[in-house]
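As a basis for the values below, the full set of heavy atoms in this structure was taken, side chains included, without hydrogen atoms, waters or symmetry mates.
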Amino acid sequence: MREPLSADMFDELCPSSLNPIRFGDKWAALIIRCLEYGPRRFSELRVPLSRVTPKVLTQSLRSLERDGLVRRTVYAQATPHVEYELTSLGRSMLEPMAVACAWAEEHWDELLEARESYGNGAHLDRTG
């Protein structure tokens, strides 16, 4: 039995939300992290990814599958279900993602300050 995913795995203060380095679409890196320790069902992914609508989660999973990063397996048993897991290509993304997350953690304050400054209209004061 595998450990359940934590509902606050990606809380609002998670560095991944500030990371300007994108791996696929907005949610792809978070999905990859959820699949890091083995296959998961859609309902399991919904726990830490509660901010993602089911439609968008499905689209992201399909995109990752199309790109060869995620494998979708259908189990046609008495209770049919589907599981998603990382392919070897998907697993190869874990190391660069860890580096990007470490960078975002290191520059957390600068990233927050830049976003706050931008949100306050500071970028409108410059000419050019």
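Residues Leu57 and Val52 approach most closely at N-CG1, 3.5 Å, considering heavy atoms. In plain terms, the two heavy atoms of Ala28 and Asp25 that are nearest each other are N-OD1, 2.9 Å. Taking each heavy atom of Ser60 and Trp27 in turn, the nearest pair found is OG-CB, 4.0 Å.
Side-chain N or O atoms of Thr58 include one that pairs as donor or acceptor with a backbone N or O of Pro54 at under 3.5 Å.
Every residue was checked against the side-chain hydrogen bond (donor to acceptor under 3.5 Å, both in side chains) condition with Glu106, not counting sequence neighbours, and none meets it. Take Gln59 and apply the side chain to side chain contact (heavy atoms under 4.5 Å, CB included) test, not counting sequence neighbours, and it matches Lys55, Val56. For Arg71, the side chain to side chain contact (heavy atoms under 4.5 Å, CB included) partners at least two apart in sequence or on another chain are Thr73, Glu85, Thr87. For Thr53, there are no side-chain hydrogen bond (donor to acceptor under 3.5 Å, both in side chains) partners two or more places apart in sequence or in a different chain. Under the side chain to side chain contact (heavy atoms under 4.5 Å, CB included) criterion, Ser50 pairs with no residue at all, not counting sequence neighbours.
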Side chains of residues 88-98: which donor-acceptor partners sit under 3.5 Å, not counting sequence neighbours?
residue : atom : partner : partner atom : Å
Arg91   : NH1  : Glu36   : O            : 3.1
Arg91   : NH2  : Glu36   : O            : 2.7
Ser92   : OG   : Leu89   : O            : 2.5

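Neither Leu30 nor Val47 shares a network with the other; the hydrophobic side chains, linked directly or stepwise wherever heavy atoms of I, L, V, M, F, W or Y lie under 4.5 Å apart, form separate groups for each. Residues Leu64 and Val82 are members of one and the same hydrophobic cluster, defined by side-chain heavy-atom contacts under 4.5 angstrom among Ile, Leu, Val, Met, Phe, Trp and Tyr.
Residues Val74 and Arg72 meet the side-chain proximity criterion, which asks for heavy atoms closer than 4.5 Å. Between Leu45 and Leu35 the shortest side-chain heavy-atom distance falls below 4.5 Å. Taking the side chain as every heavy atom from C-beta outward, Tyr37 and Leu5 never approach each other to under 4.5 Å.
For the atom pair CG (Leu61) and CD1 (Ile31), the distance works out to 4.5 Å, reported to the nearest 0.5 Å. Rounded to the nearest 0.5 Å, atoms CH2 (Trp108) and CD (Glu105) are 8.5 Å apart. Taken to the nearest 0.5 Å, the CD atom of Glu65 stands 8.5 Å off from the CZ atom of Arg62.
Within the structure, ring-ring contact (aromatic ring centres under 6.0 Å, His included) contacts touching residues 69-90 (residues at least two apart or in different chains) are Tyr75-His81. Within the structure, every pair that satisfies the salt bridge (Lys or Arg N to Asp or Glu O under 4.0 Å) test and touches residues 37-50, not counting sequence neighbours, is listed here: Arg2-Glu44, Arg40-Glu44.
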